[in-house]
Every structure is written in structure tokens, then in C-alpha cells.
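Scroll down for the structure; my scribbles are underneath it.
Order of listing sets the numbers, starting from 1, for every ligand and every atom in it. Any value given below was found using the heavy atoms of this structure, including those in side chains, with hydrogens, waters and symmetry copies removed.
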Amino acid sequence: MASGSMTSGSMISGRALRSTQWFGATGRSGMAYRGWMRSQGFTPEVFDGRPVIGIATTWSELAPCNVHLHRVAESVKRGVWQSGGFPLEFPAMALGETLLRPTAMLYRNLLAMEAEELMRANPLDGVVLLSGCDKTTPGLLMAAASVDLPAVMVTGGPMLNGKYQGTDVGSGTAVWRFEEDLVAGRMTQEECAFAEGCMARSNGHCMTMGTASTMASMAEALGMQLPYSATWPAVDARRYETAQRAGQVVVGLVRDDLRPSAIMTRAAFENAIRVNAAIGGSTNAVIHLLAIAGRLGVPLSLDDFDVLARHVPTLVNLQPSGQYLMEDFCYAGGLPAVMRELAEHGLLHADAITVTGASVGANVSDAPCWNREVIKTAAEPFQPAGTGTAVLRGNLAPGGAVIKQSASSPHLLKHRGRALVFDSPTDYYAVSNDPDLDVDEDTVLVIRYCGPRGYPGMPEVSNVALPRKLLLRGVRDMVRICDGRMSGTAYGTVVLHVSPEAAAGGPLALVRTRDWITLDVPARTLTLEVSDDELAARRAQWEPPAPHASRGWTHLYTEHVLQAETGADLDFLVGASGHPVPKDSH
Ligand code: FES
């Protein structure tokens, strides 16, 4: 203890609570710790040694997907009070996918670092993590992993289905189609303007199986949020009921000292990887799960995703790979129905422990499915095993690359074509409408310098729209290769996360227009048909791009960010510091 002694009632299950170091102190320090908190009108009983629960809220009007989290926090508080805890809400950096430039991914590690330090530096015994938009879920999980205080996640839930001209439209996914229809003249600008108001029509995150829905599902599959948490729509009363339950649960986790390191084990990550395959989840889960595992010291490699997912059929028929949306998934039975199906076919570590205190197998053992159109069976899957995210290697991606097979065109999964190379999406879009662009449906579009260091921040720009002349001819897909990422709401035959990235001197930087490239997804290879001698000669001429910044976060980020194959964390943030803070502030 920093100073003074603990008050009575400060022990829980025979352990001194961490918060007692602050609120149980006597003398000047104790007065300072308690007195200023009392300015909020709390009665002195809140300092009687009950668990103090932080509620990390990524609420912001600049992050529309998270804008309701302030209300979700109120439900969490009810649960914490009910169970004898003392809830304290605090803001953590809100990352809105749609507004942040150059990309929200540039700031995922900053959120993780900020939240980690806030959790550690404050008198907290446990935390509830409120997230929603894409990067907020992994950012908070990375932080919680590094601090390792008992933690429960509550994601904000998906929006209600979008509705346009009598049909369901998925946020994100519909944007790509509307843009293509606009370019091809099948839709007017006025129709587009009307349609944009029909997609995002309630609180919540994107309601396709994009990255937000995927990461919410990953949090549930890892055991870090309560069953059904990933799928209740943001405006559904049961989301708020679940949030209240999470407030109750976290107090129990503090009592039992059940921490993220005991929940997010190798078995839990294997469960998450298989669930990601079963739901047709985003390729971004690869990067985020690697980064979270890195914080915990759990050995996880890029190849694990390929090996583990190969035997898992896609069970969920959701956009962008399928037809339905998260609201439908919820009413069909949600993630527990999927996990039950996996467990019954030996594709889940059923004994992995979760925040409920029970095993994941026990949590989902009697989960019903109400709609087999949306959640298929392993016997009659939506897509057969082996059609999930594949990991590619070859002389063009010695560190690896990924491709989402279920979002690709089957006829392009084995393809040989000549490269058409651009050093940025901007360069490409400057000519993409040119009727004389030297491109056909066999061309392989290479878009580079979009990796963690390159852009910077590894944005979701890899699925560049097709050249206008091909769209007008009815071509709907072509092979694209990039060191950036792709939105989980997007689709197309796009090789992503090429590592090492061009800006780090990877072979992608050496490709030239009209080089032959062979993509062979069944063989898991990506080959640049250029000799080693020629590549060495080109490398000798290559010069790295100028730094993006000489100060600030962008400078720190680009100096320290790791490559996609290990999760794009910062090198000095990998691992954990735990939660002890031995020194007092007074
Ligand atoms: Fe926030 Fe899609 S923009 S989840």
C-alpha cells in the first residue's frame, strides 16, 4: 500500500482489492483519493472496500457506430450496483471508421495504449469494455490483455437492417454496389443520395458481417463477452439487459479473480479462428486476433488461420459473402447456434472458460436455431469447408498474404495475368475512368504502399473499384493485390495484407507493369514470375519512400509498427505490463 491502512470489508475471497490502495488509505493520500471523488455526490459507503469497476466507453458523436454507448454504460452501472460494486465510467479514444483520416487503423494501437494506461493508473478492480465500430473492439481487448484485470466486453450491437426500395441493404456492402451502379450508369446521383439515408437507419455498427460484426463475434467466441452479445441489435432491449448482466458478471469475475489471460488462451483463439470461418468473417480479424494474442504471449501465427479454418464450413449466410444481415442472424439464433453446431462436430474447444464462469461448451450446448436459411448446418453448409480466409505465400509475399475466398470469384482463384502497377489508390483512380487504360479482365491490378508504414496505417483501400471500361463491359471482378486491408463489408478477388509491405522494401515494391503474376489459391501461392537476379537488380535501384511525419503519433507509429503478419502492433506494445502501480501520486 502507498500509505495508510485498509478499511474493513476491503478483502474479497481472501485478497486485498487493488482499489483499496487508493480508497482504503488513511491520512492525506486517502483524503485526496476519496475527497475529490465525493465532489460527484457519492456517499462514503462506496469506499467501503467494494470492487471498483471501470467502464471504458468509446462513445463519441464522431464515431456514429458508438454513439449510444453512453446509454449502454448506464445499464452496465445498474448491474454493477446490483452486485455490490462501484461503477465509474471513463472515456477511451473513440475510433469512427467512416470519418477518421487517413484510416482508423492508424489509431487502433493508440486506443489500446491509452486504455491500457487508464486502466492501470486508476483505482480499478475490474473493467467493462464498451466498443462497437471496427477498431474499438480489438483496441480495448488489446488493452485489457496487457493490463489483465478482470474484464467483460459489451459491444454496441449492429444497426437494424437497411431498407431501400423494398429490399434489405447492408451498410458498407451496399456502398460498393451503389458506386459500381453509379459508374456504370445504372443508378443516378439522386438515387444514390436517397439510398445513403436508407442504409444506416438506427444506432449500431455496420450490420453486414463486416469487421465490427466480426470482431463482436470474435469477442464472444473468445469468451470475453456474454452469449448473444454480438448479435442483439443496438436498439434491442435485450442489448441493454445483457449490458446490465455484464455489470453483474464483472463483479463476480473480480471476486473469482478470473482474468483475460485465463480466458483468452490458445484454445480460445483457436475457437475464434474457427468461428470466424463459420460466420464468413472479415479478413481484418486475422490482424486483430494476432495483435491481441501478442499482448498475452499466446503463440499464434498467420498460418494457424489457414490450418484451422480449412476444415470449417461457412455456416452463416450473411452479406458480404451471402444474403442476410445481422438482424436476421440474431433472430435465427445468433452466435451460440453457430458455436453449438461447431461443438457438435468437434470444431470447438468446448472446455474453454468464458466470462460467465462456465465453459463455452456449457454456454451453447442447448442453443436453438430458428432459421436454417440464415444459419446452416455443418451437414448442409452455406459454403463447404476450405472456402474461408486462405493464407498465401510466395516470392511476392514471403511474410504471407491473405485472401477471403468466400468473397472472391471462384473462376479467379487460379489466375495468371500481367500486372498493372500503381503506387497508391490515388494514382489508380486518376486513370481508372480512362477508356484507353491498358487493362482487361485478365489484368492483375497491383496497388502498393498501402501497408502499416506505407499509407500510413494500412487502410481499407485494397478493393479498388474496377476500371470503368471493364464495368461498362459487364466485368464484375478482377484480381487485385495490395499490402493494405479490405473492409469486412467488401467483396472481390483481392489479395490483402501482402507482407513485407512495399514501404518496408517487400518484393511488392519491385513489381513492374506487365510482369506476370500467378495466383493459385488452392496451392496457397502468390508468385511474381521474375527471376531472383532481376529482382536483385531492381532492389538495388529501389529507394524507400520519405517519412510521413517527423513528430507526433504518426512518427511514433511508423517508426515502430510491425508488419501485418504479426498483427501490426507497435513493437514496444507487444506483451503485457500487468496492473501493479507501486508508487503513490501524493
Ligand atoms: Fe462503424 Fe462500419 S463504420 S462499423
* What's the verdict on ring pair (Phe, Tyr, Trp, His ring centres under 6.0 Å) for Phe194 and Phe178, showing C-alpha distance, side-chain angles and the deciding distance? -> CA-CA 11 Å; Phe194 184 77; Phe178 290 156; over 10 Å; no

* **ring-ring contact (aromatic ring centres under 6.0 Å, His included) involving Tyr240 - partner list, sequence neighbours excluded** => none

* Near atom 2 (Fe) of ligand 1 (under 2.8 Å) - protein N, O or S atoms -> Cys206 SG

* To do: Answer yes if the ring centres of Tyr331 and Tyr324 are under 6.0 angstrom apart, and no otherwise.
  => no

* Will you find, in the side chains of Arg108 and His288, an N or O donor that is under 3.5 Å from an N or O acceptor? -> yes

* Asked: Does the side chain of Glu89 pick up a donor-acceptor pair with the side chain of His70 at under 3.5 Å?
  -> yes

* So, Arg201 and Asn161: side-chain donor and acceptor under 3.5 Å apart, yes or no? -> no

